[in-house]
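Worth knowing before you read on, the calculation uses all heavy atoms, side chains too, and leaves out hydrogens, waters and symmetry mates. Residue numbers begin at 1 in each chain, while the letters A, B, ... track the order of the sequences.
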Protein chains: 2
Amino acid sequence: MRRKITLKDIARELEVSISTVSKALKNSEEIGRDTKEKVQAFAKLYNYKPNNIAISLKNKYTKNIGVIIPDIVHHFFTTVFRGIEKYANSKGYNVIICVSDESFDKEVINMELLANGSIDGFIMSLSAETEEKNDFSHLIEVTNQGIPLVLFDRVTDVINCDKVILNDKEISFSVVQKFIQSGRKNIALVTTDNYFNVSKKRMEGYKSALEHNGIPLNENRILTLPYHDEIEDTQITDFFNSNEIDAVLCVNEIFAIRCMRVVQKMGIKIPEDISFVGFTNGMLSRYASPKLSSIAQHGDKMGEIAAQMLIEKIEREYIEEEDEAYRTEVIEGTLIERESTIN
Amino acid sequence: MRRKITLKDIARELEVSISTVSKALKNSEEIGRDTKEKVQAFAKLYNYKPNNIAISLKNKYTKNIGVIIPDIVHHFFTTVFRGIEKYANSKGYNVIICVSDESFDKEVINMELLANGSIDGFIMSLSAETEEKNDFSHLIEVTNQGIPLVLFDRVTDVINCDKVILNDKEISFSVVQKFIQSGRKNIALVTTDNYFNVSKKRMEGYKSALEHNGIPLNENRILTLPYHDEIEDTQITDFFNSNEIDAVLCVNEIFAIRCMRVVQKMGIKIPEDISFVGFTNGMLSRYASPKLSSIAQHGDKMGEIAAQMLIEKIEREYIEEEDEAYRTEVIEGTLIERESTIN
DNA sequence: AAAAACTACGAAAACGGTTTCGTGTTGATA
DNA sequence: TATCAACACGAAACCGTTTTCGTAGTTTTT
């Protein structure tokens, strides 16, 4: 088992000093031609690679970024992550990922662990529990330490940092608007509990579109489904039985698929009798039958932008520019129309 | 912006030596009661946390494990990853993830980057290109350096290391067997190019089940679809038009869904006229219509076992037990029967 | 009272690099 | 020939820990 070769090894072998080796490998002008060639050749031969940890310790940066997300088995987060990883990699950064599993405690623990020198900055989306508790002291702690932070999708106004979000309210508004323009009046919203910031925003868009068109808000047309627990079909069946509904906006594609199933079993035709639109343009939307019209959240792009903002902040630190201007980047969702809506 | 406090800071402030502080914080017997209390109180007050990087440099381990997978937006890998993350976290390890994007070069680059001190071990699944090229020199390089490696799912016989795989051949065999027992005789296989080890194994199972039942192999009943490029429906349509098929085994759920669609459009009834089973028991299987009977690969479990094997190897290194015994753990797939098969 | 044994702490090396600041040799210049 | 850059390199500090070993000062033993 070959051990990894170090500067010291090279220095000893070539009978020069460690500093000379270090400089020679960086092609420093200080070192003579012959020595440089000799050192470089030797290093290549023995496949010398500098130790990342040592460099990190010396230079105070790790070239790692920490990503904390609530769930990895989730199409949206997964695409965001892909965007982050792609951009970060292109800039020479690695990604350490932690899954909070929607738990406040795990989020805190992971964050503190990584904050102790393992990463140069964070990209995260808040766990459900954190949003519910409204406790962001761990975020404050981290930003106080001067660690850059970018929040995406599940964000909070409490923390002052860079953010990337979807135009949830506006896109919801426009979808409902579209429903109305195509002649639908009895529009339902299927959502999660309101402590999700995004759900709240989407509901705002829904309500405001109704209002904008003079349609009175009917709270009975809003169905709140549990986010993680098993959903019972009966709840959905009851909902559609006791309401005449001709269009539905769902805050995620699973809700949409579930509802479509129930509705189809009741003999209602999609999209002739009822239209469906869901958030999250994932696999399910593409392969449902009928294919689900869906709001693309452009996770890849969100991830890329988040990574870009973060790395910019990280690298600005070194130029010591204390220009604390935080941006909130708004990504525009796009409605991908498929078979579950009429035109 | 509060800077992070170090041992040196505490030592200076309390007018003791750095070593004393270090020992006091570890509750060493060497240090007097009073001093210990003083130091600990001070550390707590200023929220001292040791710097991970410094510890890593000193102790030669990072408590990070590197995961390299071909794709993150993929249900199976995502579940494996969840299993890894969960177990690793419970053991105090962080996970650095790199996506090879099915590219050989990216796999190599990422691996070499991480191998330079950033991680204590690797868990990986080979990229398509790597399997195709059959070039594993980067893996050899890494294991030669003494870095533990666990391969899962997409593995190779060339490398001698711990592995976690599915019983691909056996489970395929048993599914085809089941088809036959339920009276189906014209059984198709929809697969990818054969350089995927798993596809090869699955095909072996398929063929061997036919043989076992005295059914002659008909190569026309094997459809090979491109893995990543867009699939054209026409290819599928032609396949089902020119073959009388009453049961289909697909090596992934996307292929299955695509085929089911085509077949349904042709007016063929599932499962009355034709049965479908796919690998990867993901969202698509659960929400397809009809719901797809599917082989659960137990990604969570694979991930957990892989992480367990890796961490065991990592921590054994310190006990310096050079007992190079590599295991291959075989996970048993289970057929989840839903609506696309008869009983 | 001298020797031995503790007690409580500090100095320093080490991990593997980077970087600043000398310094001994050259060759050119005055 | 004395002076002075330029050149080519080395010594040493530093990043933040851990850990070994040495050692004053005190207590126990004989």
Side-chain angles (χ1 to χ4, degrees), chain A residues 3-40 42-43 46-64 113 115-120 145-146 317-318, chain B residues 3-40 42-43 46-64 113 115-120 145-146 317-318:
Chain A
R3 264 303 339 118
K4 274 241 140 185
I5 191 175
T6 71
L7 284 189
K8 195 194 272 189
D9 298 329
I10 303 183
R12 183 174 4 85
E13 219 60 39
L14 261 37
E15 299 185 300
V16 291
S17 77
I18 293 180
S19 5
T20 302
V21 177
S22 175
K23 289 170 192 163
L25 290 176
K26 313 189 97 90
N27 238 315
S28 158
E29 292 304 324
E30 265 185 271
I31 305 298
R33 200 175 231 291
D34 297 353
T35 316
K36 272 203 279 198
E37 279 173 4
K38 190 175 60 175
V39 171
Q40 286 169 6
F42 190 93
Y46 286 93
N47 194 26
Y48 169 78
K49 293 277 167 50
N51 179 308
N52 295 332
I53 300 289
I55 294 180
S56 292
L57 180 58
K58 177 67 185 166
N59 294 350
K60 319 284 261 161
Y61 59 70
T62 62
K63 284 276 181 179
N64 287 152
L113 210 69
N116 296 138
S118 300
I119 51 91
D120 299 336
Q145 283 173 26
E317 293 236 311
Y318 293 98
Chain B
R3 266 296 348 112
K4 274 243 141 184
I5 191 175
T6 71
L7 284 189
K8 194 195 274 189
D9 298 328
I10 302 183
R12 186 176 358 88
E13 219 59 40
L14 260 37
E15 298 186 298
V16 292
S17 76
I18 293 180
S19 2
T20 302
V21 177
S22 175
K23 290 169 191 163
L25 290 177
K26 310 189 99 89
N27 239 315
S28 158
E29 291 304 324
E30 266 185 87
I31 305 298
R33 200 176 232 290
D34 297 353
T35 315
K36 272 203 279 196
E37 278 173 4
K38 191 174 60 173
V39 171
Q40 287 170 7
F42 190 92
Y46 287 93
N47 194 26
Y48 168 79
K49 295 276 166 52
N51 180 308
N52 294 333
I53 299 290
I55 293 181
S56 292
L57 180 58
K58 178 66 186 165
N59 292 350
K60 318 286 261 160
Y61 59 72
T62 62
K63 284 275 181 178
N64 287 152
L113 209 69
N116 297 136
S118 299
I119 50 90
D120 299 336
Q145 282 171 26
E317 293 237 311
Y318 294 98

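Taken from CD in A/Gln40 to CG in A/Asn27, the straight-line distance is 5.0 Å, to the nearest 0.5 Å.
Considering all non-hydrogen atoms of both residues, A/Asp120 and A/Thr62 come closest at OD1-N, 2.8 Å. For the pair B/Pro50 and B/Ile55, the tightest heavy-atom approach, listed with the atom from each and the gap, is CB-CD1, 3.6 Å. The two atoms that bring A/Leu7 and A/Ser22 nearest to each other are CD1-CB, 3.8 Å, heavy atoms only.
Between C/dG10 and B/Ser17, a contact under 4.0 Å exists linking OP1 or OP2 to a side-chain N or O. Taking 4.0 angstrom as the limit, B/Lys36 places none of its side-chain polar atoms (N or O) nearer than this to OP1 or OP2 of C/dC9. Proximity of B/Tyr48 to the phosphate of D/dT17: a side-chain N or O atom is located under 4.0 Å from OP1 or OP2. Between C/dT20 and A/Lys23, no contact under 4.0 Å exists linking OP1 or OP2 to a side-chain N or O.
Atom CG of A/Asn116 and atom P of D/dT17 are 9 Å apart (whole Å). Distance CZ (A/Arg33) to C1' (D/dC7): 15 Å, rounded to an integer number of Å. A/Ile10 has its CD1 atom 13 Å from the P atom of C/dG16, to the nearest Å. The distance between atom CD1 of B/Ile53 and atom C1' of D/dT17, rounded to the nearest whole Å, is 12 Å. In this structure, the CD1 atom of B/Ile5 is 15 Å from the P atom of D/dC15, given to the nearest Å. Rounded to whole angstrom, the span from the CG atom of B/Asn52 across to the P atom of D/dT18 amounts to 11 Å. D/dT19 atom C1' lies 10 Å from atom CG of B/Asn59, rounded to whole Å. As rounded to whole Å, 11 Å separates atom C1' of C/dG17 from atom NZ of A/Lys8.
In this structure the side chain of A/Thr35 reaches within 4.5 angstrom of the side chain of A/Thr20, judged on heavy atoms. Using a 4.5 Å heavy-atom cutoff, the side chains of B/Asn51 and B/Lys4 are not in contact.
If you check distances only, the side chain of B/Lys58 does reach the base of D/dT18 with a donor-acceptor pair under 3.5 Å.
Considering only the side chain of B/Ser22, D/dT19 comes nearest among C/dG16, C/dT18, D/dT19. Taking the side chain of B/Glu30 as heavy atoms from C-beta on, and the options C/dG22, D/dG16, D/dT20, the nearest nucleotide is D/dT20. Which of D/dG16, D/dA12, C/dC9 sits closest to the side chain of B/Thr20 comes down to C/dC9. In the set D/dT17, C/dC21, C/dC15, the nucleotide with an atom closest to the side chain of B/Leu7 is D/dT17. Taking every side-chain heavy atom of B/Thr35 into account, C/dA8 is the closest of C/dG10, C/dA8, D/dG10.
Where B/Ala54 and B/Gly32 each meet DNA chain C at their nearest nucleotide, the meeting point lying more 5' is that of B/Gly32. Sequence order on DNA chain C of the closest nucleotides to A/Pro50 and B/Val16 puts B/Val16 first from the 5' end.
Counting any heavy atom pair closer than 4.0 Å across all strands shown, A/Ser19 reaches a base atom.
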